[in-house]
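Every value quoted in this text rests on a predicted model; they were computed, and no experiment measured them.
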Amino acid sequence: MAGRAAILALFPVVGVLGYSDTVPVVAWSSKSSSALNSLSPDLRYEDSLSIVGGILSPEDICSFDAVLVIDQPGLHSSDLRALPTSSGLSTILNTAPSSRQYPHVKRSDSSSLQDITESLARRCSSTLTNTSPADGPLDLTENSKHVVCLNMPAMEGSPKLRKVAMLGYDQYLSSEIGKIDAAFTSHLVLYTGSPLEHYRRQLLPPSEFDSAYAPPDNSTLSDGGIFKRYQLFSTPLLVALLVVFFIIVPIIMMAVSALASLQSSVRLDAPKGYHAQEKKTQ
């Protein structure tokens with residue numbers, strides 16, 4: 001019984017770790033789009049960039065006056081599920097004529113989302129705009145086509161902090177999308193996540209293999225202990241520890257306890273009327 005309880009307690013942890021390398025891909029349009037409607041509802045074996053490229057590759061994508069591609073490093077489907085049904089993004093998505101949602105897509109190891117938007121802008125003769133919330137509100141001219149790549153801040157921290165941050169991002173995105181909807185009646189929005197490692201790599205100093213790199217002084221090493229400088233615990237190691245301590249160890253303890261509780265039913269008492277002294281004199 002204890003072993004079954006340990007296995008059931010482990011299921012949520014294994015489920016979270018199983019989806020740790022996935023990102024959501026959500027797309028919708030202000031008008032009916034054959035590019036979205038023709039997509040298969042099940043693309044679990046495709047990576048995120050393949051799906052994004054498949055959405056933006058058809059020719060009718062150029063019929064949209066504005067295409068907004070939102071990239072948020074570290075975004076998970078749980079972040080979107082945490083939004084209330086009355087949130088701005090939920091309302092926009094539910095009222096869209098065409099939409100597709102892929103909550104658990106294998107994240108791509110490549111960071112070429114920028115290349116996809118640049119190729120789309122050239123193909124559709126659109127103005128390419130790379131922006132972020134730090135750059136201020138979007139300012140797009142209404143008499144030309146636009147491809148906008150919006151780079152959102154990374155999603156990090158505990159689930160509580162992520163939920164609070166997601167509510168703020170929902171207000172910002174719904175406001176900007178509302179401005180696009182007012183200026184361009186024909187538009188498409190694509191919202192996806194990207195590996196957090198690529199975002200962190202952009203914030204790191206140059207590599208020692210870069211020509212302009214100068215080796216740092218020992219005094220510039222980051223402060224902190226071994227856990228801050230090195231990653232000692234990986235996902236396979238954590239799963240192995242959970243299996244050992246919550247499944248194997250309880251089973252062994254139950255087996256030892258069961259063996260220790262065994263009692264022999266054979267009694268070694270002498271037969272009735274038997275006297276050892278009389279037996280010896282005979």
Answer whether the closest heavy-atom distance between the side chains of [X] and [Y] falls below 4.5 Å.
| X | Y | answer |
| --- | --- | --- |
| Val148 | Ile180 | no |
| Leu75 | Val23 | no |
| Leu120 | Ser126 | no |
| Thr141 | His146 | yes |
| Val67 | Leu190 | no |
| Phe184 | Lys145 | no |
| Ile92 | Asp181 | no |
| Ser30 | Thr185 | no |

Could you list the donor-acceptor pairs under 3.5 angstrom formed by side chains in residues 163-171, with sequence neighbours left out?
{"unit_1": "Asp170", "atom_1": "OD1", "unit_2": "Leu89", "atom_2": "N", "d": "2.9"}
{"unit_1": "Asp170", "atom_1": "OD2", "unit_2": "Gly88", "atom_2": "N", "d": "3.2"}

For [Y], does its backbone N or O pair with a side-chain atom of [X] as donor and acceptor, under 3.5 Å?
| X | Y | value |
| --- | --- | --- |
| Ser98 | Trp28 | no |
| Arg162 | Asp79 | no |
| Glu176 | Leu138 | yes |
| Ser90 | Pro84 | yes |

Ignoring hydrogens and angles, state whether a donor on the side chain of [X] or [Y] is under 3.5 Å from an acceptor on the partner side chain.
| X | Y | result |
| --- | --- | --- |
| Ser119 | Arg123 | no |
| Gln114 | Asn130 | yes |
| Asp47 | Ser50 | yes |

Which residues pass the side chain to side chain donor-acceptor pair (under 3.5 Å) test with Ser132, sequence neighbours left out? Asp135

Please report the closest heavy-atom contact between [X] and [Y], naming both atoms and the distance.
| X | Y | result |
| --- | --- | --- |
| Ser33 | Asp60 | OG-OD2, 4.1 Å |
| Val105 | Ser48 | CG1-N, 3.5 Å |
| Ile70 | Met152 | CG2-CG, 3.6 Å |
| Ser29 | Ala96 | O-CB, 3.7 Å |

According to a 4.5 Å side-chain heavy-atom criterion applied to Ile, Leu, Val, Met, Phe, Trp and Tyr, with indirect links allowed, do Leu93 and Tyr172 form part of one hydrophobic cluster? yes

Any cation-pi pair here, Lys31 with Phe64, using under 6.0 Å and within 45°? yes

Give me each pair satisfying disulfide (SG to SG under 2.5 Å) with a member in residues 121-172, each pair once, sequence neighbours excluded. Cys62-Cys124

